[in-house]
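Predicted model, so just to flag it, every value in this text is computed and none were measured. All residue numbers in this chain count up from 1 along the given sequence.
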Amino acid sequence: MATPDFIREIRATAGHQLLLLPGVSAVVLDDAGQVLLGRRADTGKWSIIGGIPEPGEQPADTAVREVYEETAVRCVPERVILVQALKEIEYPNGDHCQFMDISMLCRATGGRARVNDDESLDVGWFAVDALPELAEFALTRIKQALAVEPTWFAPASTR
């Protein structure tokens with residue numbers, strides 16, 4: 001995945017230390033209830049669409065932008081389905097990040113799914129009962145999107 005310029009600027013002075021960063025992921029459904037997935041260029045694995053907000057960008061706008069940039073599909077966010085602090089990760093270059101993911105259910109409104117940038121190897125629509133192999137991250141968000149429940153978040157700790 002391409003590192004945004006503003007992150008590169010922060011890294012120039014912060015080095016490899018842990019950065020807490022916002023992230024937005026989108027579970028996009030079409031009118032038939034199929035899920036839009038992308039096969040990531042960095043891992044080769046299928047997942048839901050997501051990315052980092054640009055400075056000043058609202059999370060819903062990030063979801064719309066990322067979905068279009070990666071898949072050429074237009075969408076409208078309908079609701080926040082999950083908010084979760086993810087585990088700290090270390091990239092091969094030594095950078096440390098922890099993402100606070102805001103996941104949204106989005107409804108496709110137009111466009112034809114195709115690879116639209118260099119972050120995806122493939123994109124496509126999948127029936128919920130015929131999903132490719134997915135990490136727990138994506139499966140949890142798809143399950144939450146399909147459930148008509150309040151936004152999921154981890155219970156507050158009592159520390």
Practice problem: Taking all heavy atoms of I81 and all of A145, pick out the closest pair and write down the distance. | Solution: CD1-CB, 3.7 Å
Practice problem: Check whether V80 and V76 end up in the same hydrophobic cluster, where Ile, Leu, Val, Met, Phe, Trp and Tyr are linked by side-chain heavy atoms less than 4.5 Å apart. | Solution: no
Quiz prompt | Shortest non-hydrogen separation from L19 to A14 and the atoms involved | solution = CD2-CB, 4.4 Å
Quiz prompt | Closest heavy-atom pair and its distance - P53, V24 | solution = CG-CG2, 4.0 Å
Quiz item: Between M104 and A63, what is the shortest heavy-atom contact and its length?
Solution: SD-CB, 4.1 Å
Self-check item: Distance in Å, I10 CD1 paired with T3 OG1, rounded so as to fall on 0.5 Å steps
Solution: 11.5 Å
Quiz item: Take atom CZ in R8; do more than 12 heavy atoms of anything else shown fall under 6.0 Å from it?
Solution: yes
Quiz item: Q84 versus I102: any side-chain heavy-atom pair under 4.5 Å?
Solution: no
Quiz item: Looking at side-chain heavy atoms only, is the closest gap between V73 and Y68 below 4.5 Å?
Solution: no
Quiz item: Are W125 and L131 linked, directly or through other ILVMFWY residues, by side chains that come within less than 4.5 angstrom of each other?
Solution: no
Quiz item: CG of L134 to OG of S47: how many Å apart, nearest 0.5 Å?
Solution: 6.5 Å
Practice problem: Could you tell me whether R11 atom CZ has more than 12 heavy atoms of other residues or ligands within 6.0 Å of it? | Solution: yes
Self-check item: Side-chain touch T62/E54, heavy atoms, less than 4.5 angstrom
Solution: no
Quiz prompt | salt bridge (charged side-chain N to carboxylate O under 4.0 Å, His left out) contacts touching residues 135-157 (sequence neighbours left out) | solution = D101-R141
Practice problem: Answer yes or no: is there a side-chain heavy-atom contact under 4.5 Å between E119 and E70? | Solution: yes
Distance-only donor-acceptor hits, side chain of residues 86-93, under 3.5 Å, sequence neighbours excluded:
unit_1: E88; atom_1: OE2; unit_2: H96; atom_2: ND1; d: 2.8
unit_1: N93; atom_1: OD1; unit_2: D95; atom_2: N; d: 2.9
unit_1: N93; atom_1: ND2; unit_2: D95; atom_2: OD2; d: 3.1

Quiz prompt | 4.5 Å side-chain heavy-atom contact, L37 and P132 | solution = yes
Quiz item: Mind checking whether V35 and L82 sit in one hydrophobic cluster, side chains of I, L, V, M, F, W, Y counted as touching below 4.5 Å?
Solution: yes
Exercise. Could you check if a side-chain atom of Q144 sits within less than 4.5 angstrom of a side-chain atom of S103, using non-hydrogen atoms only?
Key: no
Quiz item: Does the distance from a Lys or Arg side-chain N to an Asp or Glu carboxylate O, for R65 and E57, drop under 4.0 Å?
Solution: yes
Quiz item: Side-chain contact, heavy-atom cut-off 4.5 Å: F6 with I52?
Solution: yes
Self-check item: CD on Q17 to SG on C97, rounded to 0.5 Å
Solution: 10.5 Å
Quiz prompt | Closest contact, heavy atoms only, A85 versus Q98 | solution = CB-NE2, 4.0 Å
Quiz item: Hey, quick one: are W46 and V128 part of the same hydrophobic cluster, counting side-chain heavy atoms closer than 4.5 Å, chains of contacts allowed?
Solution: yes
Quiz item: For L36 and D30, what are the C-alpha separation, side-chain angles and deciding distance, and is it a side-chain contact (heavy atoms from CB on, under 4.5 Å)?
Solution: CA-CA 8 Å; L36 179 64; D30 67 7; over 6 Å; no
Exercise. For a side chain to side chain contact (heavy atoms under 4.5 Å, CB included) with V28, tell me which candidate from T71, I48, V67, L105 qualifies.
Key: V67
Practice problem: Would you check if L29 and R107 make a side-chain contact, meaning some heavy-atom pair closer than 4.5 Å? | Solution: yes
Exercise. Before giving the answer on side-chain contact (heavy atoms from CB on, under 4.5 Å), spell out for V115 and L121 the whole-Å C-alpha distance, their side-chain angles and the decisive distance to 0.1 Å.
Key: CA-CA 7 Å; V115 173; L121 300 173; over 6 Å; no
Quiz item: Is it the case that one hydrophobic cluster holds both L18 and F99, taking links as side-chain heavy atoms less than 4.5 Å apart, direct or via other members?
Solution: no
Self-check item: Interatomic distance, R74 atom CZ to C106 atom SG [nearest 0.5 angstrom]
Solution: 13.5 Å
Quiz item: Which pair of non-hydrogen atoms, one from V123 and one from G38, has the smallest distance, and what is that distance?
Solution: CG1-CA, 4.0 Å
Self-check item: R114 CZ to D122 CG distance, which is reported to the nearest 0.5 Å
Solution: 13.0 Å
